[in-house]
Amino acid sequence: MTSTAPETQRGQDAGDPLGEQPTSWQRRLRRFGHVPRPETSLRDRLDPPWTRPGRQVWSVLAIPPHVADRLVRWSAWGGPLLVALVAGLLRFWRLDQPNAVIFDETYYAKDAWALVNQGYEGSWPKDVDKLILKDPSSVPIPTDPGYVVHPPVGKWIIGFGEQLFGFTPFGWRFMVAVLGTISVLLLCRIGRRLFRSTFLGCLAGLLLAVDGLHFVMSRTALLDLIVMFFVLAAFGCLVVDRDRSRRRLADALPVDEEGVLRPDARIAETLRLGWRPWRIGAGVMLGLAFATKWNGLYVLAAFGLMTVLWDVGARRTAGAARPYMAVLRRDLVPAFFSTVPVAIVTYIVSWTGWIVTDKGYYRNWAATEGKGSSWSWLPDWLRSLWHYETQVYDFHVGLTSGHTYESNPWSWLVLGRPVSYFYEEQAGCKESSTGKCAAEVLAIGTPLLWWLACFALAYVVWRWLFRRDWRAGAIACGVAAGWVPWFFYQERTIFLFYAVVFVPFLCLAVTMLLGAIVGPAAGTGARADLGLTSKDPTGERRRTLGAIAAGVLVLLIIWNFIYFWPLYTGTSIPEDLWRDRMWLDTWV
């Protein structure tokens, strides 16, 4: 099956003169076999066509063309659903193991249980975890309010699983596993839309399915994977919005006597793009992201800038002489109000349980310590919430206490210091030379995937800067939004697992690199810009070798995930085998 290489949309949004006459040196080079880059129509630059898989596979399998066409249409959803099914089976397999409260589950599982039962978090007694595991029904929910430092959405989601399956490890991990599985489906569909290829979309989802950090976080009741889910959903909404707005621009442009779409400066600068519900959906998703953890605010700012720049590129491609001024007049205000206020309202609504119960921590601050403030004309609940938020902010920026597993963000991409969520040692293990077995849940990405991602990110940045490929820029923006803000808090106690927020974008970067390794399909219109034709044996040979190389890399990543499976699932293995998997000293 033919895959889509990242060359599909070369020059898109860059204002490249794709249809201009070749220069004299290009004409001279033709005698040596040089083939100029083919012209890309304006409509294809505004609304790129989807890739049609090649017929070779269907011919080999003796599948009739009409059946092949039906399979291609089915694969648009069938492929992503199949990848998501595999991801779900992996994530739900023995989800209740280890049967323990691991790492920060001790906070979020209990806060979630209190939240869904009484509307606010309680102050739990110490050493109550063992009683919960033994008999959760015997543990009363504390009515005294608890001081919590994260907004409530993630805990509401965890608590929903507890309502369905009880106050047990399976119950508090259930909804996180659901979101982890759905995020694989989302990435398949987003990758498909980005690369205009079902194959590459499913490849991106497959890489996410076999990433160790995403896998472990999908099986642990922590908040960071929930943030990742909403960030990815918001990104998907913005990509759909981009496609629809550009299609609307293309439909409004004039067509000449030959039926060719032509740019028009007046239309490109004055056309109002109208109702954009997907952008509002992105605002809701981003509001839910930072209503789970505050680092979602940085993503809101980054994605807001990104979508405005997309509008600039669209109007420039459509013929606007002053695209920035056109966006300033026509798009900037709607873009702001469909994202920022929507996200803020979503955030405030997420605190409804704390507001209506009147018993949460700091809930009555405005009527007691804050009485007589110059802001007393505001509702008490709003002033109390603002005070609570300022106290939480002071806590976060002042969190400098050391931790065994803390790490600097510079080390994240190379997996310098993963976090051990659970470790148990068993004596009397006959298979081990030390007589011991070890069971561990280690929050670490699949090493080969992450190390390849380092090269992929370099390629993405190069492609964005020198090819002006909007997809590379979008991927780089997703990584930067989830990673760069942590560099401003070098003294704060931070951990590698925060990186799960940008893991989907690492997978997209690796997919783009693998697509480039495979190379453009021969004789496929806009992707024939490398001078490859269907009869070019050199081009076919290069593509075959590229496909083999990319396939080997994917198989090595899958093998690497399988090799580290015991460390992702808490499976007991001989201590010798456990040490074999400690590839770096900092992993111990």
Side-chain angles (χ1 to χ4, degrees), residues 13 47 80 151 153-154 157 179 182-194 201 204 208 224-249 272-315 327 330-350 470-485 500-505 507-508:
D13 287 353
D47 185 19
V153 163
I157 291 173
L179 296 187
I182 297 176
S183 66
V184 172
L185 175 63
L186 282 178
L187 191 64
C188 288
R189 293 288 297 178
I190 291 169
R192 178 180 181 273
R193 186 172 287 272
L194 275 180
L208 186 63
D224 300 86
L225 184 123
I226 301 173
V227 177
M228 179 280 305
F229 174 82
F230 289 128
V231 167
L232 183 61
F235 182 77
C237 288
L238 292 176
V239 171
V240 175
D241 172 75
R242 180 186 186 277
D243 279 357
R244 294 196 170 194
S245 61
R246 292 172 72 89
R247 190 175 302 126
R248 193 172 299 150
L249 259 176
R272 295 187 182 276
L273 297 176
W275 173 248
R276 299 174 71 168
W278 286 99
R279 187 175 267 176
I280 296 175
V284 173
M285 292 298 106
L286 291 169
L288 292 172
F290 81 82
T292 301
K293 286 186 78 171
W294 279 2
N295 52 320
L297 273 170
Y298 294 102
V299 182
L300 171 63
F303 282 7
L305 177 61
M306 177 181 70
T307 188
V308 168
L309 291 177
W310 284 353
D311 286 344
V312 171
R315 292 189 182 274
V327 168
R330 303 295 182 187
D331 301 322
L332 190 60
V333 172
F336 175 82
F337 280 102
S338 60
T339 51
V340 177
V342 170
I344 292 173
V345 170
T346 302
Y347 180 86
I348 294 174
V349 170
S350 72
W470 74 271
R471 300 163 302 168
I475 294 169
C477 179
V479 174
W483 184 28
V484 171
V500 74
V501 173
F502 61 83
V503 164
F505 300 97
C507 294
L508 288 173

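Residues Y298 and V484 fail the side-chain proximity criterion, which asks for heavy atoms closer than 4.5 Å. With contacts defined as side-chain heavy-atom distances shorter than 4.5 Å, the pair Y347/L297 does not qualify. Considering only heavy atoms from C-beta on, L186 comes within 4.5 Å of F229 through its side chain. L238 is listed as a side-chain neighbour of W310, based on a closest heavy-atom distance under 4.5 Å.
For the atom pair CZ (F290) and OG (S350), the distance works out to 8.0 Å, reported to the nearest 0.5 Å. Rounding to the nearest 0.5 Å places OG of S183 at 3.5 Å from CE of M228. The distance from the CE atom of M306 to the CG atom of D311 is 11.0 Å, given to the nearest 0.5 Å. Taking CZ of R276 as the start and CG of D331 as the end, the distance is 6.0 Å to the nearest 0.5 Å. The OG atom of S245 sits 13.5 Å away from the CH2 atom of W278 when rounded to the nearest 0.5 Å. Atoms CZ and CG, on F505 and L187 in that order, are 8.5 Å from each other to the nearest 0.5 Å.
When T339, V340, V345, T346 are each tested for a side chain to side chain contact (heavy atoms under 4.5 Å, CB included) with V342, only one passes: T346.
Minimum heavy-atom separation, L300 to A343: CD2-CB, 4.1 Å. Counting all heavy atoms, side chain and backbone alike, T292 lies closest to L288 at OG1-O, 2.8 Å. The two residues I190 and L232 come nearest to each other via the heavy atoms CD1-O, 3.5 Å. Between L508 and A204, the closest heavy-atom pair is CD2-CB, 3.9 Å. Listed here is the closest heavy atom pair of V503 and L208: CG1-CD1, 3.5 Å. Taking each heavy atom of R246 and A314 in turn, the nearest pair found is NH1-CA, 3.4 Å.
A tilted orientation is assigned to the rings of W483 and F502, their planes being inclined by 30° to 60°.
Checked by atom type and distance alone, the side chain of T307 never pairs as donor or acceptor with a backbone atom of G304 at under 3.5 Å.
Under a cut-off of 6.0 angstrom, the local environment of CZ in R330 is crowded, with over 12 non-hydrogen atoms contributed by other residues, nucleotides or ligands.
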